[in-house]
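First comes the structure, then the notes that go with it.
Residue numbers begin at 1 in each chain, while the letters A, B, ... track the order of the sequences. These figures come from a predicted structure and were not determined experimentally. The basis for the numbers below is simple: all heavy atoms, side chains too, and nothing from hydrogens, waters or symmetry mates.
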Amino acid sequence: MPMADKKSESASSDGARPWQSYHTVFTNAKAGMEGVDKEKVQRVVYEMSKGSKYFENEERKEAFIRQKIERMRARSAKLTAGHLSQYQTVADKRILELEATRDLSKVWLHVDMDAFYAAVETLCDSSLKGRPMAVGGMSMISTANYEARRFGVRAAMPGFIARKLCPELIFVPVDFEKYTYYSDLTRKVFQTYDPNFIASSLDEAYLDITEVCKERGVSGGEVAEELRNAVFGETGLTCSAGVAANCLLAKVCSDINKPNGQFVLPNDRLAVMTFISSLPIRKIGGIGKVTERILTDVFGISTCEEMLRKGGYLCSLFSRSTADFFLSVGLGLGETDPPQMRLRKSISNERTFPATDSEALLYQKLELLSSDMQKEGLHGRTLTLKLKTSSFEVRTRALTLQKYISSRDDIYNYASKLLKAELPISLRLIGLRVSQFKDDKMGSPSDPTQKTLLSFMVADASGNFVRGQSSLGSETSNNLFMNDFGDDISVETREMIDSERDDPLNRNDSSDPEQRCTLIEFAGKTEGMHGHINGSIVEKVDALIEKSDPKSSQLKKSNGRESDTSLPHETEISSCLNQKDNNDYLLQGETSSRQEEQILWMNDYECSLCGIELPSSFVEERQEHADFHLAERLQKEESGMDSRTLIARERSPLKQTGSGNKHKKRKSSPSDGHLPIDVFFRKINQKP
DNA sequence: GCGGATCAC
DNA sequence: TATGGTGATCCGC
């Protein structure tokens, strides 16, 4: 097993240079960090952190990661030549299948504002120009300008460490109103190039400029140049752009000539493969600090191309979806279609405070949080209490109820129970999260009197917020992204939301919390999240390769994320039927199914039985519609009609009215989670 | 369903 | 003096 044995190297030098074993994210290559003395930064960070509770916790985490790596190395070493060759065959086949999904017909542009918060602050106060400056405070920095980055100062770094690195550093408090205002200006420009642009944060967006290029007969690079000029003209801010055939690559490209630059990757397979071949894996969205270490330390993978060369190992040691993602990365594949609209699945509030073990104080914090949660006006069944102890250990304690709760008192009472079980304890953070919203599970009849997530504003794929399904493409100024920090890390989220409510720019705002825009998240959707490779190894070496079902291993698209790229209709249903679809290649075909719902509102608005579109806010209409199908079915059953026939007929229109992407591959084999439809309905009927 | 982890911004 | 907040997802139980 080839491996980059960095461990012995660093272990031997630990004594002399202990800071080298303290892995922070602050020394990763980032725009503006060229020429930074990383060794010095590392040393300062280490010296400032050493001995703190935070540091000790980091060391504990580090020890776990080392263990993980050791376990994986051991498993990897245990693979026999036979197993490996089997898995190599699987990987090669998979690579071919993935390759077949390559789509070079689209031109995607990723725009990324340069040091956005810092740039806005400088725009508003020209005395900051040319001086090292950071937005944030002594405990946390949201972003730093390029002058500060030369000292190694960067986002997510504590301010007191930043000041040590750069004593001249100017600190400016965050001001989200300002950033939102300028973000809206940029979005107005984006909209002229792609009305359906995807805003992934205040300072980042994806634009499909395929049509613009075609209609005007210009290149992607020319569009990028023009757009960047327009953004500068509109705001006085610079941005960087990447142009490529898919979102994943475009994002990588926008980082290459940052700041105030752009990079075009031609829609050409050879160009993509060449580009990918030397690209460090850490540049890929979804591959973070831990995943990078595992891939390099266990498999010796440091560039994307090596993903392909080590395909056999990857397929044998990772879940199917994770391995698919890795292989896609190796091929330079990524999302080429706008992501499906997604509804928020949870809402949370958390707050850090001076550590205390005073129970009275802790309950007081909980009370405040409970009030905040009530203000969100959501109804959920699952309540999760998050705790961070004074030693930085994070715990979560969850409770799922029969009923939906939303009131301050309910939240507080249940949260108190969860907290009580942890006492005595010394905490520095308490958080609450509510999930399993009323309309989370499709098909459960809605109570029209209830506020639900879906009665809030929802967003279309452009990131523009719309009510229900109508008036797509509302004004960009109505955008609101709660977790919208870009390069910049918020420490003032609560304030941001509160101030946003009074923002004169948000003309649709209402004081009624029900009318408020609610975040629909897009962040990271195009890259997806493929961490969690820890402990995901299943003993599968004994599985038979014959079990691999060719149909089931068809891939839809892109980054290999089943749920992200699923087509509507059957695919959507199948992913509901079979949430646990993470077996490895050789174990496909053993997944179980479970589903009890009646009507599935696909994409949250489309009836699974007849395809009629009913926005989720049409609560009563939906109930009526469900009743209609029920009555219809009962009637036909009584008349002796075979349910299979019935269902087939009812479902058939779906296929025509489908996504219009019939050529796209999708999960299609029963082993992938499709219940025979009559079994499916039999199950439904068992449900009271 | 729960809890720990990872990731993005 | 001092290391964030929000949301998602995966994975093993």
Worksheet item: Among the nucleotides B:dG4, B:dC7, C:dA2, which one has an atom lying closest to any side-chain atom of A:T291?
Response: B:dC7
Worksheet item: Taking the side chain of A:N349 as its heavy atoms from C-beta onward, which of B:dG1, C:dT6, C:dG7 lies nearest to it?
Response: C:dT6
Worksheet item: Expressed in angstrom and rounded to an integer, what is the separation of A:L387 atom CG from B:dG3 atom P?
Response: 11 Å
Worksheet item: Looking at residues at least two apart in the chain, or sitting in another chain, which of them share a side chain to side chain contact (heavy atoms under 4.5 Å, CB included) with A:K386?
Response: A:E350, A:V394, A:T396, A:L429
Discussion item. Looking at A:E393 and A:K388, is any side-chain nitrogen of the basic one under 4.0 Å from a carboxylate oxygen of the acidic one?
Written reply: no
Worksheet item: So what does A:K164 hit on the nucleic acid, given a heavy-atom distance under 4.0 Å: a base, only sugar-phosphate, or nothing?
Response: nothing
Practice prompt. Kindly say if A:S348 contacts the phosphate of C:dG7, meaning a side-chain N or O under 4.0 Å from OP1 or OP2.
Written response: yes
Worksheet item: Counting just side-chain N and O atoms, does A:K68 come under 4.0 Å of either OP1 or OP2 of C:dC11?
Response: no
Worksheet entry | Listed nucleotide nearest any side-chain atom of A:D203, set C:dT3, B:dC9, C:dA8 | B:dC9
Discussion item. When you measure from the side-chain N and O atoms of A:K388 to the phosphate of C:dG4, is any distance below 4.0 Å, counting only OP1 and OP2?
Written reply: yes
Worksheet item: Is the distance from OP1 or OP2 of C:dG5 to the nearest side-chain N or O of A:T352 less than 4.0 Å?
Response: yes
Practice prompt. Report yes if at least one side-chain N or O of A:R342 is closer than 4.0 Å to OP1 or OP2 of C:dT9; otherwise report no.
Written response: yes
Worksheet item: For the side chain of A:K386, counting heavy atoms from C-beta on, which of C:dT3, C:dA8, C:dT6 is nearest?
Response: C:dT6
Discussion item. In this structure, how many angstroms lie between the C1' atom of B:dT6 and the CD1 atom of A:I69, rounded?
Written reply: 14 Å
Worksheet item: Taking only N and O in the side chain of A:R60, is any of them less than 4.0 Å away from OP1 or OP2 of B:dG4?
Response: no
Item to complete: Output the single nucleotide from C:dG7, C:dT6, B:dC2 whose closest atom is nearest the side chain of A:A398.
Response: B:dC2
Worksheet item: What nucleic acid atoms does A:I161 come within less than 4.0 Å of, heavy atoms only: base, sugar-phosphate, or nothing?
Response: base
Discussion item. Counting only side-chain heavy atoms from C-beta out, which of C:dG4, C:dA2, B:dT6 sits nearest to A:V290?
Written reply: B:dT6
Discussion item. Taking 4.0 Å as the cut-off, does a side-chain nitrogen or oxygen of A:R381 come that near to OP1 or OP2 on B:dG1?
Written reply: yes
Worksheet item: C:dC11 phosphate, OP1 or OP2: any side-chain N/O from A:S319 under 4.0 angstrom?
Response: yes
Fill in: Euclidean distance, A:E56 CD relative to A:S49 OG, rounded to 0.5 Å
11.5 Å
Worksheet item: Do the side-chain N and O atoms of A:S183 and A:D203 include a donor-acceptor pair separated by under 3.5 angstrom?
Response: no
Worksheet item: Does a side-chain N or O from A:T384 land closer than 4.0 Å to OP1 or OP2 of B:dC2, or not?
Response: no
Item to complete: For A:K61, answer base if it contacts any base atom (sugar-phosphate contacts may also be present), sugar-phosphate if it contacts only those atoms, and nothing otherwise; contact means non-hydrogen atoms under 4.0 Å.
Response: nothing
Discussion item. Counting only heavy atoms not in A:K289 (residues, nucleotides, ligands), do more than 12 fall under 6.0 Å from its NZ?
Written reply: yes
Worksheet item: Start at the 5' end of DNA chain C and walk down; is the nucleotide closest to A:R433 or to A:P158 reached first?
Response: A:P158
Worksheet item: Taking atom C1' of C:dT1 as reference, at what distance in whole Å does atom OH of A:Y54 sit?
Response: 17 Å
Worksheet item: When you look at NZ of A:K40, are more than 12 heavy atoms from neighbouring residues, nucleotides or ligands closer to it than 6.0 Å?
Response: no
Discussion item. Could you tell me how far apart A:Y46 (OH) and C:dT3 (P) are, to the nearest whole angstrom?
Written reply: 18 Å
Worksheet item: Could you give the OH-to-P distance, from A:Y22 to C:dT3, as a whole number of Å?
Response: 11 Å
Response to the item:
Hits for side chain to side chain contact (heavy atoms under 4.5 Å, CB included) against A:Y54, two or more places apart or cross-chain, chain-then-number order -> A:Y22, A:S52, A:E58, A:F392
Fill in: OP1 or OP2 of B:dG1 under 4.0 Å from side-chain N/O of A:T400
no
Worksheet item: Does the gap between the ring centers of A:F318 and A:F326 come in under 6.0 Å?
Response: yes
Worksheet item: For the side chain of A:T322, counting heavy atoms from C-beta on, which of C:dC11, C:dT3, C:dG4 is nearest?
Response: C:dC11
Worksheet item: Between atom NZ in A:K258 and atom P in B:dC9, what is the gap in whole Å?
Response: 12 Å
Item to complete: Pick the C1' atom in C:dG4 and in B:dC7, then give their distance to the nearest Å.
Response: 15 Å
Worksheet entry | Any A:R163 side-chain nitrogen or oxygen under 4.0 Å from OP1 or OP2 of C:dA2 | no
Worksheet item: Within this structure, what is the NZ-to-C1' distance between A:K53 and C:dA2, rounded to whole angstrom?
Response: 13 Å
Practice prompt. Ignoring backbone atoms, test whether A:K345 places a side-chain nitrogen or oxygen under 4.0 Å from the OP1 or OP2 oxygen of C:dT9.
Written response: yes
Worksheet entry | Rounded interatomic separation in angstrom, taking CZ from A:R320 and P from C:dC11 | 12 Å
Item to complete: Return the nearest nucleotide to the side chain of A:E350; candidates are C:dT9, C:dG5, B:dC2.
Response: C:dG5
Worksheet item: Considering only side-chain heavy atoms of A:I347, which listed nucleotide, C:dG7, C:dT3, B:dC9, is closest?
Response: C:dG7
Response to the item:
A:F392 has its side chain closest, among C:dT3, C:dT6, B:dG4, to C:dT3
